[in-house]
Amino acid sequence: MSVCMFLLLAVVGMAFDLGRVYIARNEAQIFADAASMAAAQQLDGTAAGIDRARAAVAAMPNRWNLGTKKFSGVVIEFSADGEQWDQQPKNLAALRFARVTAPDNHVEIMFLRAVGGPQEFTVPARAVASTKPVRLTQ
Amino acid sequence: MKRERGHAMLELAVSAGVMVSCLVGTFQFGYTFYAYNQLVTAVGNGARYAAQRTYRAASEQDIERGNAAIRNMVVYGDAQPEPASAPVLPKLTPEQVNVHWELAGDGAPRSVNISIKGYTLDAIYRSFTFDGRPSVEFPYVGKYAPTEREP
């Protein structure tokens, strides 16, 4: 009976908790995509452009956890070549890329932790966008 | 012998109630989360398409035709779907997709918000209605064409 209960909880946990984890992961990736595009769009080689990029990311209304929670601890970095990333860049005129990381999305686990799973599951997301996006659609 | 059979029946009757309700709950939430995930993906893809699509604003009809293409992208994964295309989720229609443009002073789009309104998902034992969620906003990075018409 207890073995059955254990298995049942594990299956319920898979359906419920993993379902939420996958949704959160999806939401976080979409947020990162949109936020990096918003940041890259504001870059114009000036310090004001950097400030506008940060403000644009902060103003993104996209939420996670079934559309209820605001993203926190979002990291915005800039780069001229797509390799060296800097949160406080020096050479402003050369900046061409913005990278947004949403690292703090902890999905609380409800059922799986009763059968030895973790307390929470972290689903970080990251995306890079360039100032000149390639348009694939008309 | 008879007594034992009675025990087993009683045990089954009690545990079946718990088991069946657990299974029903698992199916209900599992399916709902799966469907919600599909919706998030569809809305995200549609918003991304909208963000890059040329915004043709020669007239109200052109804007509306553009929005219709975006709605089709969300529901069918295709801006001009074949007549027999199946939606990503059962009974999802383009009318249940809300396209909202945030415009700058000169009429150029700044951002686009796509959300689902009033979609009811039938999870057999219970139904869930999504209204206003999922919702995704993208900055507009496409070309603003105030005088162009939709082809």
Side-chain angles (χ1 to χ4, degrees), chain A residues 1 4-5 7-42 52-53 56-57 59-68 98 100 107 110-111 125 127 129-138, chain B residues 11 15 18-19 21-23 25-54 56 66 69-70 73 79 100 102 110-116 128 130 132-143 145 148 150-151:
Chain A
M1 188 68 187
C4 275
M5 210 58 212
L7 285 177
L8 193 68
L9 262 180
V11 171
V12 173
M14 296 269 246
F16 194 87
D17 292 324
L18 290 187
R20 285 178 59 221
V21 165
Y22 278 109
I23 292 172
R25 196 176 74 159
N26 214 345
E27 289 171 320
Q29 190 59 55
I30 290 172
F31 165 79
D33 291 348
S36 61
M37 276 163 73
Q41 203 184 21
Q42 299 298 335
R52 278 203 310 275
V57 173
M60 291 297 299
N62 296 353
R63 299 276 189 276
W64 69 284
N65 202 7
L66 303 174
T68 56
V100 172
V107 183
M110 292 165 99
F111 291 98
S130 88
T131 48
K132 291 189 173 55
V134 182
R135 293 196 310 118
L136 299 172
T137 51
Q138 285 297 311
Chain B
E11 207 169 275
S15 58
V18 178
M19 293 289 199
S21 51
C22 264
L23 280 178
T26 307
F27 170 80
Q28 203 172 281
F29 281 101
Y31 179 63
T32 309
F33 286 148
Y34 161 77
Y36 191 84
N37 206 1
Q38 295 288 93
L39 273 184
V40 171
T41 308
V43 168
N45 288 345
R48 211 190 168 107
Y49 171 68
Q52 304 193 327
R53 193 177 193 280
T54 302
R56 299 180 181 87
I70 293 162
M73 187 57 122
H100 176 74
E102 196 71 53
R110 262 207 296 253
S111 62
V112 58
N113 189 299
I114 313 282
S115 60
I116 296 291
F128 295 87
F130 303 122
R133 277 193 291 172
S135 160
V136 167
E137 183 161 317
F138 262 77
Y140 185 68
V141 295
K143 191 178 98 182
E148 265 183 51
E150 283 287 335

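A note on names: the letters A, B, ... follow the listed sequences, proteins ahead of strands, and every chain is numbered from 1.
Contact of B:Ala47 with chain A is not made at all, since no heavy-atom distance falls under 4.5 Å. Within the 4.5 angstrom heavy-atom criterion, no atom of B:Tyr34 approaches chain A. Contact annotation for A:Leu8: only side-chain heavy atoms (C-beta onward) come within less than 4.5 Å of a heavy atom of chain B. In this structure, the portions of B:Thr41 lying under 4.5 Å from any heavy atom of chain A include both its backbone and its side chain.
Atom CZ of B:Phe128 sits in a crowded spot, with more than 12 heavy atoms from other residues, nucleotides or ligands closer than 6.0 Å. The local environment of CD in B:Glu148 is crowded, with over 12 non-hydrogen atoms from other residues, nucleotides or ligands closer than 6.0 Å. Within a 6.0 Å sphere centred on CE of A:Met110, other residues, nucleotides and ligands contribute 12 heavy atoms or fewer.
Listed for the A:Arg20 side chain is no donor-acceptor partner under 3.5 Å among the backbone atoms of B:Phe33.
Residues of residues 35-42 of chain A that come closer than 4.5 Å to chain B, counting heavy atoms only, are A:Met37, A:Ala38, A:Gln41, ordered by residue number.
Most heavy-atom pairs under 4.5 Å with chain A: of the set B:Asn37, B:Thr26, B:Val40, this distinction falls to B:Asn37. Ranking A:Ala24, A:Gly13, A:Gly19 against chain B, the residue ahead of the rest is A:Gly19, based on heavy-atom pairs under 4.5 Å. Looking only at heavy-atom pairs under 4.5 Å with chain B, the residue among A:Thr68, A:Asn26, A:Leu18, A:Val12 that has the most is A:Asn26.
The salt bridge (charged side-chain N to carboxylate O under 4.0 Å, His left out) check on A:Arg52 picks up A:Asp44, with sequence neighbours excluded. The ring pair (Phe, Tyr, Trp, His ring centres under 6.0 Å) check on B:Phe27 picks up B:Tyr31, with sequence neighbours excluded.
Nearest heavy-atom pair, A:Ala34 versus B:Pro139, reported as atom, atom and distance to 0.1 Å: O-CD, 3.4 Å.
Residue pairs meeting the salt bridge (charged side-chain N to carboxylate O under 4.0 Å, His left out) criterion with at least one member in residues 26-42 of chain A, sequence neighbours excluded, are A:Asp33-B:Arg48.
At least one side-chain heavy atom of A:Leu66 sits less than 4.5 Å from a side-chain heavy atom of B:Tyr36.
With rounding to the nearest 0.5 Å, the separation of CE in A:Met5 from OG in B:Ser15 is 10.5 Å. Separating the CZ atom in A:Phe31 from the CD atom in B:Glu137 is a distance of 11.5 Å, to the nearest 0.5 Å.
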